[in-house]
Amino acid sequence: MKVYQTKEIKNIALIGSAGSGKTTLVESMLFEAGVIKRRGTVEGKNTVSDYFPVEQEYGYSVFPTVVHVEWNNKKLNIIDCPGSDDFVGGSITALNVTDQAVLVVNGQYGPEVGTMNAFRNTEKLNKPVIFLINQLDREHCDFDTVMSNLRDTFGSNCVQVQYPVATGPAFNSVIDVLLMKKLTWKAEGGAPTVEDIPADQQDKAEELHAALVEAAAENDETLMEKFFEEENLSEDEIREGIRKGLIARSMFPVFCVCGQKDMGVRRLMEFLGNVVPFVDEMPKVKNSKGEEITPDANGPESLFFFKTGLEPHIGEVTYFKVMSGTVKPGDDLTNADRGSKERLGQIFACAGANRIAVDELKAGDIGCTVKLKDVKTGNTLNAKDVDWSFNYIKYPNSKYSRAIKAVSESDTEKMMAALMRMRQEDPTWVVELSKELKQTIVHGQGEFHLRTLKWRMENNEKIAVTYEEPKIPYRETITKASRADYRHKKQSGGAGQFGEVHLIVEPYTEGMPDPVVYKFGGQEFKMNIKSKEEIDLEWGGKLVFLNSVVGGAIDTRFMPAILKGVMERMETGPLTGSYARDVRVVVYDGKMHPVDSNELSFMLAARNAFSKAFREAGPKVLEPIYDLEVLVPGDYMGDVMSDLQGRRAIIMGMDSEGTYQKLSAKIPLKELASYSIALSSLTGGRASFSTSFSSYELVPNDIQQQLIKDHEAELAEEN
């Protein structure tokens, strides 16, 4: 295989909704480039992209697949991304290491919620976008409506390069208004017949050509001047204007294709090879220190590992982008993230499960290798004296969580090892060992996402596991001040134990002044603050601990033990056993014994005094509240709102985004447990949502009483 220079490499992410036909399109691209001799099908379970057993089981892409084609003396690295919102991590990974997005749109449905989510990701990462309307041969395809919806949703920057002469089963030709030719395909697809535009299409073609020329000219002052003078541009000038428009995201060219019949694929590849930006034309990537890194083949060697695949009989296959320099087999490199040394064995150009050994890869190129000792997804390998690392890929928050448990307890360790391996393949699978909830929780992007993990655990790893709803991390706090004291006294021969602690607890709010006086039962308690500790609790909120003991009633050396006793009780609130937060504790008096007092005595006295005071301070249970954003077709808005109101959600606002509605709400975490499934069921899978933690708020009284009752029953069962 030829060694491609940085200026001959283009990296492209193929993104779009589930069912838009990306995997089938890739088959045609590989076939056209001669990489494969026969096109596979999703139904036949023999495509290059979907080669993992779980993908063949479900008929969906689960992982992003890296392939390459050589076309017109250029190398196109293409990453075929999963379309389901549950596997959005694959798209985000791909967009971060590529320079161009091809956003595939299902010609039957037009822009769907998955299209909008994919476009949003390109927006966040400032990536050029080409819209590709696929499946134009389907019965219900209406190109003009799809085009209108594209412009309504994504703006007037969507500029047609092609349009079909007819859609549905009769589709076999397009008018290309850049070439100003009609392209017609035989039933088997492939290379088109190129003809002059028929008279009945001439006016429409000229109108769209003029719009394309004007859109291209707007991206370059020289081209704009020429356009004003001559009202036209050459084909090469139009291409140059489009390239600049792509880089600036001021232009989104629209192409037509039928991937399944290999119609329009060759023309798309020509455009990708001739027009879309090269690696070195895009904004430079910054390393973790904020330094811009130039993709220079003569620069220092640095590889960023963005993906790991676990393949039977091979083990880990790790995929990298050459950020700088030239990589060759046998290179000795250092892992910037882990400090370990690595020697690269063979390096490969990628084609799904197939790999082609190569002698070297230049800056900007994408490849893979096998049998590395200590490289994980997200790591960087560098040449000597280079300390770059890259941590620029940011994944979305999880949307769906389940507690996971091995059916056989003896498999627990194997299960955890498998979970950690799988997380290397998909970083949006998040594993949490919750000390608080006493559960192992897996977080993902949706029910299907976690169902896939379970399938792989049981079928690939041969470990039977069960899911259950995770417990909710409730918190406890207090609503008023109270005081209590407790004497711990124990005598059993020899030295005894003695410690007495008097304390006051009250709700803590940020910035509140130190106390001066308290009143309880008509009695005043004046405070003389000697020391103050503010503790940011690892579970959120604060504990403020004040020492107001006067006259040496308790020696200062016992204060750490008293604080420890309080902290122990903060970890198991009296109502539900949940963590307590936002409490101020004032130790104002006590007693000690010259012989029997010690740290343990005061820790136990403080623990019990705090428990008594907490119970008298109007204790309340808090629940986690999340910000929720739902993107939903307008037709389903009423059903979605009604469902949210039944989940104790508070609607915060509504907005429109193209043909979709964007709804914002605040919702308790408890009510989000099954929301992924419910929303999909309500909208036929045509809606999506995102969440982020907002705050802790008081639970309604009836729910608090039920939680207390459940906790008491749990304690009784343990005893």
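Looking at Lys204 and Tyr163, their side chains come closer than 4.5 Å, going by heavy atoms from C-beta outward. When side chains are defined from C-beta on, Leu246 counts as touching Ile130, because their heavy atoms get closer than 4.5 Å. The side-chain heavy atoms of Phe255 and Val174, taken from C-beta on, include no pair separated by under 4.5 Å. Side-chain contact between Ile242 and Leu212 is present, with heavy atoms from C-beta onward closer than 4.5 Å. Considering only heavy atoms from C-beta on, Phe320 comes within 4.5 Å of Leu361 through its side chain. Between Val97 and Lys307 there is no side-chain heavy-atom pair separated by less than 4.5 Å. Proximity of Leu150 to Ile133: side-chain heavy atoms (C-beta onward) are separated by under 4.5 Å at one or more points. Considering only heavy atoms from C-beta on, Val88 stays 4.5 Å or farther from Asn117 through its side chain.
Arg120 has no carboxylate O lying under 4.0 Å from a charged side-chain N of Glu123, or vice versa, which leaves the two without a salt bridge. Taking the charged nitrogens against the carboxylate oxygens, Glu425 and Arg421 have no contact shorter than 4.0 Å, which rules out a salt bridge. Taking 4.0 Å as the cut-off between side-chain N and carboxylate O, Asp280 and Lys7 count as a salt-bridged pair. Between Arg266 and Glu270 no salt bridge is recorded (no basic side-chain N to carboxylate O distance below 4.0 Å). For the pair Asp331 and Lys328, the salt-bridge criterion is not met [side-chain N within less than 4.0 Å of a carboxylate O]. A salt bridge between Asp196 and Lys181 is present, with a side-chain N of the basic residue lying under 4.0 Å from a carboxylate O of the acidic one.
By the ring-ring contact (aromatic ring centres under 6.0 Å, His included) test, Phe31 pairs with no residue at all, sequence neighbours left out.
Residues Glu139 and Pro169 approach most closely at OE1-CG, 3.9 Å, considering heavy atoms. Between Asp50 and Tyr60, the closest heavy-atom pair is OD2-C, 3.9 Å. Ser302 and Phe390 make their closest contact through OG-CE1, 3.6 Å (heavy atoms, listed as atom of the first residue, atom of the second, distance). Of all heavy-atom pairs spanning Phe143 and Cys256, the tightest one is CE1-SG, 3.5 Å. For the pair Cys368 and Arg355, the tightest heavy-atom approach, listed with the atom from each and the gap, is SG-CD, 3.5 Å.
Between the side chain of Arg239 and the backbone N or O of Leu178 there is no donor-acceptor pair closer than 3.5 Å. Lys399 contributes a side-chain N or O that, together with a main-chain N or O of Phe689, makes up a donor-acceptor pair within less than 3.5 Å. Here the side chain of Thr65 pairs no donor or acceptor atom with the backbone of Asp80 at under 3.5 angstrom.
Screening Lys362, Lys74, Glu70 for a side-chain hydrogen bond (donor to acceptor under 3.5 Å, both in side chains) with Tyr4, the sole residue that qualifies is Glu70.
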Practice problem: For side-chain hydrogen bond (donor to acceptor under 3.5 Å, both in side chains), just list the numbers for Ser49 and Thr23, CA-CA rounded to whole Å, side-chain angles, deciding distance to a tenth of an Å, and then say yes or no. | Solution: CA-CA 6 Å; Ser49 287; Thr23 297; 4.8 Å; no

Quiz prompt | Steps toward ring pair (Phe, Tyr, Trp, His ring centres under 6.0 Å) verdict (Phe252, Phe154) | solution = CA-CA 9 Å; Phe252 307 126; Phe154 304 112; 7.8 Å; no

Quiz item: Yes or no on side chain to side chain contact (heavy atoms under 4.5 Å, CB included) for Thr452 and Phe87, after CA distance, side-chain angles and deciding distance?
Solution: CA-CA 10 Å; Thr452 302; Phe87 303 104; 3.4 Å; yes

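Using cut-offs of 30° and 60° for the angle between ring planes, the Tyr319 and Phe306 rings count as tilted. Between Phe119 and Phe131, the ring-plane angle classifies as parallel under the 30° and 60° cut-offs. Using the six-membered ring where Trp is involved, Phe63 and Trp429 have ring planes that are perpendicular, over 60° apart on the 30 and 60° scheme.
Ring centroid separation for the pair Tyr400 and Phe448 does not come in under the 6.0 Å cut-off.
For the residue pair Gln445 and Asp86, no side-chain donor N or O sits within less than 3.5 Å of a side-chain acceptor on the partner. For the residue pair Asn134/Ser20, the side-chain donor-acceptor check at 3.5 Å is not satisfied.
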